[in-house]
Protein chains: 2
Amino acid sequence: MSTTNPANSAEPISKTRLRLWLKLLKASGEVEAELRRRLRVEFDTTLPRFDVMAALDRAPEGLRMSEISERLRVSNGNVTGIVERLVEEGLALRVAVPDDRRATCARLTPKGRELFAVLARAHEGWINDLLGGVSGDDLAALSGQIDRLMRHMGKE
Amino acid sequence: MSTTNPANSAEPISKTRLRLWLKLLKASGEVEAELRRRLRVEFDTTLPRFDVMAALDRAPEGLRMSEISERLRVSNGNVTGIVERLVEEGLALRVAVPDDRRATCARLTPKGRELFAVLARAHEGWINDLLGGVSGDDLAALSGQIDRLMRHMGKE
DNA sequence: GAAATAAAATTGAAGCCTAAAATATTTAAG
DNA sequence: CTTAAATATTTTAGGCTTCAATTTTATTTC
């Protein structure tokens with residue numbers, strides 16, 4: 001039965017895939033937009049800043065700029081700017097790397113660490129709200145299907 | 001059984017929801033990034049331009065700027081710039097609205113319409129590649145779960 | 001009809017994002 | 001040792017995005 005096309009037997013499966021993709025895109029876009037909005041109005045910050053802080057929070061000794069951009073899958077030049085603004089706000093600082101004068105490490109300040117703890121708690125709560133009605137069974141099923149999708153895409 | 005938590009019975013369901021969200025975000029981000037990349041290298045264009053062209057293609061008589069921004073759910077000022085660039089490239093043009101001199105309509109030029117036909121065909125093919133391994137059954141299941149998710153979020 | 005209000009669109013400021021070029025430093029080849 | 005290649009990062013140019021302010025035109029109210 002894996003070749004059936006329940007949505008509409010007259011329609012090519014490529015159209016069904018396209019529609020699924022548009023739906024998936026819309027769903028994740030809605031959640032993301034809501035997160036951005038709440039970060040902005042409740043904490044006057046942004047999702048990219050939050051993401052960088054999350055990465056730094058997991059590495060108490062700090063991360064090189066290129067490690068941040070790898071983990072977040074954004075460009076190097078992008079990270080430069082975001083860290084710059086975090087530093088201006090007193091949430092992060094740059095540390096020289098002893099053995100390699102080309103590199104710089106970014107790490108959270110105590111203030112940054114405190115703020116991130118608050119943000120992370122709020123963030124988890126928001127997600128829980130937004131996905132709130134989804135049961136454990138549905139979560140598992142959805143998760144498994146996304147895994148399969150990613151495997152088919154050759155990503156992990 | 002809709003209250004079980006198959007991922008890890010010791011973990012609060014909010015963590016499971018958070019992980020699902022991060023996974024969903026990653027999946028849609030990967031697909032989107034790949035689409036952007038292909039639009040850029042194969043057609044020297046961008047996803048926002050594609051999205052605006054798609055909206056205009058469905059409205060042969062053209063759309064007001066604010067109609068575009070509503071349909072695409074982006075800001076008014078954003079649309080101004082994207083349409084501006086489409087006009088510069090000869091893909092769209094601005095038309096005055098007879099009864100309301102505040103408004104302007106944007107519509108595709110014949111060149112824009114031709115290009116969009118090519119882009120749309122390529123786009124559908126890319127999605128079909130990227131989601132290629134997903135069977136019809138899985139598509140339907142995933143689609144239904146996203147519907148439920150959206151309903152719980154109060155969006156449609 | 002004049003003044004206030006509302007609506008359509010643009011502009012401006014700020015941030016995010018990328019690819020490509022430039023800088024600085026390190027490592028490898030000879 | 002000197003030069004060439006590689007690496008880490010920043011800078012630059014251009015586009016996307018939002019919100020808030022502004023401009024222009026319509027509508028409402030008196």
Side-chain angles (χ1 to χ4, degrees), chain A residues 25 29-30 32-53 55 62-89 91-92 94-106, chain B residues 25 29-30 32-53 55 62-89 91-107:
Chain A
L25 183 64
E30 296 284 0
E32 193 175 319
E34 186 59 22
L35 292 179
R36 286 181 194 273
R37 201 185 63 73
R38 293 187 185 187
L39 281 171
R40 181 172 54 79
V41 304
E42 294 187 25
F43 296 103
D44 191 31
T45 190
T46 67
L47 195 50
R49 278 166 167 84
F50 176 81
D51 289 339
V52 168
M53 291 181 80
L63 290 176
R64 290 180 176 215
M65 302 302 277
S66 50
E67 285 175 326
I68 300 174
S69 67
E70 273 168 34
R71 295 189 189 199
L72 269 46
R73 301 183 182 226
V74 298
S75 70
N76 251 330
N78 192 357
V79 174
T80 297
I82 296 170
V83 167
E84 193 170 279
R85 285 178 282 271
L86 289 176
V87 170
E88 279 167 13
E89 293 169 19
L91 302 172
R94 287 157 170 287
V95 190
V97 174
D99 294 347
D100 190 340
R101 298 199 309 184
R102 294 169 302 182
T104 43
C105 246
Chain B
L25 182 65
E30 296 283 0
E32 193 174 320
E34 186 60 22
L35 293 179
R36 287 181 194 274
R37 201 185 64 73
R38 293 187 185 187
L39 282 172
R40 182 172 54 78
V41 305
E42 293 186 26
F43 295 104
D44 192 31
T45 190
T46 68
L47 195 49
R49 277 165 167 84
F50 176 81
D51 290 338
V52 169
M53 291 181 80
L63 290 176
R64 291 180 177 214
M65 301 304 275
S66 50
E67 285 175 326
I68 300 174
S69 67
E70 272 168 36
R71 295 189 189 198
L72 269 44
R73 302 183 182 224
V74 299
S75 69
N76 250 331
N78 192 356
V79 174
T80 298
I82 296 170
V83 168
E84 194 171 279
R85 284 178 282 272
L86 288 177
V87 170
E88 279 167 14
E89 292 169 19
L91 302 171
L93 42 83
R94 289 156 170 288
V95 190
V97 174
D99 294 346
D100 191 340
R101 297 199 309 182
R102 296 170 300 180
T104 45
C105 245
R107 65 165 55 173

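Lettering of chains follows the sequences in order, A, B, ..., and the numbering in each one begins at 1. Note: hydrogens, waters and symmetry copies are ignored here, and every other heavy atom, side chains too, is used.
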Revision key, fill the gap. Letter by letter from the 5' end, nucleotides 8-16 of chain C scores (B base, S sugar-phosphate only, - none; protein heavy atoms under 4.0 Å) SSBB---SS
Practice item. Kindly indicate, with the supporting measurements, whether the criterion side-chain contact (heavy atoms from CB on, under 4.5 Å) is fulfilled by A:Leu72 and A:Val79. Key: CA-CA 9 Å; A:Leu72 269 46; A:Val79 174; 5.7 Å; no
Practice item. Apply side-chain contact (heavy atoms from CB on, under 4.5 Å) to the pair B:Asn78 and B:Ser69, showing each step before the final yes or no. Key: CA-CA 8 Å; B:Asn78 192 356; B:Ser69 67; over 6 Å; no
Exercise for review: Could you walk me through whether B:Leu91 and B:Arg49 pass side-chain contact (heavy atoms from CB on, under 4.5 Å), step by step?
Suggested key: CA-CA 10 Å; B:Leu91 302 171; B:Arg49 277 165 167 84; over 6 Å; no
Exercise for review: Apply the test side-chain contact (heavy atoms from CB on, under 4.5 Å) to residues A:Arg40 and A:Arg36: give CA-CA distance (whole Å), side-chain angles for both, the deciding distance (0.1 Å), then the verdict.
Suggested key: CA-CA 6 Å; A:Arg40 181 172 54 79; A:Arg36 286 181 194 273; over 6 Å; no
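Look at CD1 on A:Ile68: it is 10 Å from P on D:dT10, rounded to the nearest Å. When rounded to the nearest whole Å, the span between CZ of A:Arg73 and P of C:dT18 equals 12 Å. The CD-P distance, from A:Glu32 to D:dT17, rounds to 12 Å in whole Å. For the pair B:Leu72 CG and D:dC16 P, the computed distance is 12 Å after rounding to whole Å. Between the CD atom of A:Glu34 and the C1' atom of D:dT18 there is a distance of 15 Å, rounded to whole Å. Rounded to a whole Å, the CD atom of A:Glu70 is 13 Å from the C1' atom of D:dT9.
Between the CZ atom of B:Arg64 and the CZ atom of B:Arg102 there is a distance of 7.5 Å, given to the nearest 0.5 Å.
Counting only heavy atoms from C-beta outward, the side chains of B:Met53 and B:Thr45 never approach each other to under 4.5 Å.
In this structure, B:Arg85 does not pair ionically with B:Glu89, as no charged nitrogen and carboxylate oxygen lie closer than 4.0 Å. Salt bridge status for B:Arg71 with B:Glu67: absent, with no side-chain N to carboxylate O gap under 4.0 Å.
Of the two residues near DNA chain C, A:Val74 and A:Asp99, the one whose nearest nucleotide lies more 5' is A:Val74.
Defining each end axis of the helix from C:dG1-D:dC30 to C:dG30-D:dC1 as the rotation carrying four pairs' C1' atoms onto the next four, with five pairs an end, the two axes are found to diverge by 0° to 10 degrees.
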